[in-house]
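Whatever order the structure lists them in is the order used to number ligands and atoms, beginning at 1.
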Amino acid sequence: MSFARTNGIVLHYRRIGRRGGPRIVFVNSLGSDITIWDDVADELGADFDLLFYDKRGHGLSEVSPAPGGIADHANDLVSLLDHVGWDSAAVCGLSVGGLIAMELAVRAPARLTGLVLMDTAARIGTLDAWNARIDAVLQQGVAAIGDQIMERWFSPGYRNGEPDAFAGWQRMLERTPAAGYADTCRALRDADLTETIGGISAPTLVIAGARDLSTPPELVADTARRIPAAAFRAIAGAGHLPCIERPVEVASLLREFLFQGRRLHVAEQGGRVAAYQE
Ligand SMILES: O=C(O)CC1=CCC(=O)O1
């Protein structure tokens with residue numbers, strides 16, 4: 001467990017795995033902390049050098065006193081990479097973390113050796129929905145929307161099959177500071193990378209949980225089509241957080257893409273999207 005003041009904000013981060021191995025930095029979703037990657041880290045740690053961090057306003061990281069957009073989040077990530085001495089890394093972004101990763105890929109392509117986008121899209125949600133969520137959270141706290149978000153995060157199979165874990169992840173969500181959560185909602189509300197992601201040159205793997213209700217697979221696939229060198233994979237049965245519901249499959253897709261010559265990328269250059277099935 002480490003802390004660093006980067007881009008003016010104290011971020012909590014954790015570096016584990018094989019020092020000197022291929023580097024991957026993971027960027028979290030709204031309302032989550034770095035523990036969502038624990039099972040993926042168990043799968044990859046023997047071979048990869050892994051960096052996890054809590055976004056501003058989440059987990060053990062500081063809440064920014066000033067509002068921050070996606071560009072500020074991308075600057076936080078660049079500062080963290082500088083702090084740990086990584087000139088480049090593969091970047092794996094989940095949901096809003098995917099938007100942050102796409103922003104970095106557009107603005108600072110030299111910092112990426114590869115891009116993995118998970119359950120994300122160039123534009124997520126609507127102005128009205130984000131404004132309603134911001135109001136609810138600031139007036140009543142994150143717990144007020146907890147049940148509703150959990151329905152969107154997890155598949156029915158996980159909710160019914162793993163009730164204790166499901167309750168634990170709900171506690172993680174509801175402990176997110178309201179100010180930090182609302183600030184990230186504002187960043188999501190104001191972000192639309194639809195017109196810019198065509199300029200991403202990094203080899204890209206796009207992953208969707210086939211049962212994701214927050215960023216449905218059709219939406220994720222549409223983002224994949226807009227990125228020139230992207231391959232698309234859906235994970236059957238998984239909701240919005242495949243790193244929790246299907247960590248072995250997530251790790252194996254990452255390993256195949258990043259470690260074994262990027263076979264997915266080579267096979268599917270040009271944004272062709274493989275069919276997904278439930
Ligand atoms: O909370 C949700 O609805 C899911 C989500 C949208 C953006 C993000 O990071 O998580």
Item to check | Geometric N/O contact L30 with ligand 1, under 3.5 angstrom | outcome: yes
Checklist entry - Any nitrogen or oxygen of L94, main chain or side chain, under 3.5 Å from a nitrogen or oxygen of ligand 1? => result no
Checklist entry - Is it the case that one hydrophobic cluster holds both L60 and L173, taking links as side-chain heavy atoms less than 4.5 Å apart, direct or via other members? => result no
Checklist entry - Does K55 come within less than 4.0 Å of D72, counting only side-chain N to carboxylate O? => result no
Next on the checklist: Can you tell me how the ring of Y13 sits relative to the ring of H83, calling it parallel under 30°, perpendicular over 60° and tilted otherwise?
Outcome noted: perpendicular
Checklist entry - Can you tell me which residue and heavy atom of the protein come closest to atom 1 (O) of ligand 1, and the distance to 0.1 Å? => result R133 NH1, 2.9 Å
Checklist entry - Do any N/O atoms on W130 end up under 3.5 angstrom from N/O atoms on ligand 1? => result no
Checklist entry - For ligand 1, does S214 get within less than 4.0 Å through its side chain, its backbone, both, or neither, judged by non-hydrogen atoms? => result side chain
Checklist entry - Would I34 and W86 show up in the same hydrophobic cluster when neighbours are defined by side-chain heavy atoms closer than 4.5 Å? => result yes
Checklist entry - Shared ILVMFWY cluster between I24 and I16, side chains joined below 4.5 angstrom? => result yes
Checklist entry - For ligand 1, which part of T215 has a heavy atom less than 4.0 Å away: the side chain, the backbone, both, or neither? => result neither
Checklist entry - Polar-atom distance check: S95 versus ligand 1, any N or O pair below 3.5 Å? => result yes
